[in-house]
Amino acid sequence: MLMIKMVIVPLVLASLIVGASSLGDVRKLGRIGGKTVSFYLLTTAVAVIIGILMSVLFNPGSGLQLPANAAYKGKAAPPLMDVLVNMVPANAMQALLNADMLQIIVFALFIGIGITMVGQRAKPVELFFDGLAEVTYKIVGIIMAFAPIGVFALIMPVVAANGPKVLIPLAKVIAAVYVGCIIHLALTYSTILKVLAGFSPVRFFKGILPAQMIAFSTCSSAATLPVTMKNTQENLGVSKEVSSFVLPLGATINMDGTAIYQGVAALFVAQIYGVDLTLSQMLIIVLTGTLASIGAAGVPGAGLIMLTLTLQSVGLPLEGIALIAGIDRVLDMARTTLNVTGDAVATVFIQNSEDKRQQSGVTTSA
Ligand code: ASP
């Protein structure tokens with residue numbers, strides 16, 4: 001737990017700065033960039049909400065109270081206005097020292113935007129944080145090598161004290177994530193495809209199936225990217241121009257499966273620690289869950305690490321992660337599949353709206 005906590009602040013700071021500065025580049029690409037990013041943000045927020053609803057529905061934490069953490073008391077939730085105002089740190093270094101996630105996010109976003117606005121002279125800064133992000137991912141990799149031992153040691157006493165009844169909630173977590181992903185596929189994506197893009201969902205899912213299978217087995221959006229590119233271009237008729245811009249960005253910042261997972265996991269942890277979340281805390285989960293999924297790298301287990309951000313933002317105990325870590329790979333398979341599918345939906349949507357523009361004779365100068 002200490003090793004994970006050790007790496008959170010540099011990880012979140014560096015990966016969000018890199019994410020924000022690449023968003024800045026996107027802005028320059030104007031219309032397509034704006035459309036892509038809005039599409040990604042909207043679908044991701046919907047995904048977190050679906051995740052929260054799934055956890056409310058399945059109530060995976062019911063009947064499981066963690067005795068080891070009986071001393072844990074949920075923080076009193078501050079009013080929404082205070083949360084918003086306090087997102088801006090009075091002292092950025094203090095925010096880092098206190099590991100105040102929301103403040104670090106705001107600081108990181110400003111640095112990322114600043115980097116883009118400064119341009120050439122800020123390149124070394126961008127490269128530094130890019131390198132730092134890579135280094136923290138590597139450190140996470142090292143820590144993950146210890147995860148099986150850590151997870152065993154953390155779960156064993158819980159199972160020993162409670163018996164197999166703690167395993168049932170975990171099965172419910174798996175069900176909540178999988179059903180959430182299927183709902184997002186069947187409702188959100190199919191509707192977008194059919195209504196907004198005039199594209200047959202059946203043709204879409206057939207065409208993207210190979211990428212989905214790679215995603216399911218590798219648990220990595222980044223590793224799947226070449227296949228996603230190929231499938232969208234060859235099977236879905238998306239142009240190279242659109243797919244080579246929308247997909248790499250999507251593999252980095254658009255993770256609807258990870259977002260659903262953040263919602264399910266946060267509520268699950270709240271349930272097992274007996275924390276009643278207020279409406280404003282739920283809104284914070286939607287916000288930080290969206291940001292966490294943006295910040296998560298397209299590699300196996302990234303979403304689990306980013307869960308620290310979501311949990312910490314509403315004062316939930318990080319120890320809850322230990323329980324979920326044991327089943328994370330199974331969850332990762334579903335969420336990575338959805339992550340990749342969401343990127344492909346975006347390419348079809350953007351392609352369609354670009355085609356429409358061209359047909360109506362609008363020039364691309366907007
Ligand atoms: N494995 C996921 C992906 O590559 C990220 C995550 O862990 O949520 O898309």
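First listed ligand is number 1; within each ligand, the first listed atom is number 1. For clarity, every value in this text was computed on a predicted model and none was experimentally measured.
At a heavy-atom cutoff of 4.0 Å, ligand 1 is surrounded by Cys219, Ser220, Ser221, Met255, Thr258, Ala297, Gly298, Val299, Pro300, Gly301, Ala302, Gly303, Asp332, Arg335, Thr336, Asn339.
With hydrogens and angles ignored, the 3.5 Å screen pairs no side-chain donor or acceptor of Thr336 with any backbone N or O of Met333.
With sequence neighbours left out, the ring pair (Phe, Tyr, Trp, His ring centres under 6.0 Å) criterion links Phe58 to no other residue.
Here the options are Asn339, Leu247, Thr347, the test is side-chain contact (heavy atoms from CB on, under 4.5 Å), and the partner is Thr228; only Leu247 passes.
Counting heavy atoms from C-beta on, the side chains of Ile17 and Phe128 never come closer than 4.5 Å.
In this structure, Asp130 does not pair ionically with Lys123, as no charged nitrogen and carboxylate oxygen lie closer than 4.0 Å.
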Gln262/Ser293 under side-chain hydrogen bond (donor to acceptor under 3.5 Å, both in side chains): CA gap, chis, key distance, verdict: CA-CA 8 Å; Gln262 301 285 327; Ser293 77; over 6 Å; no
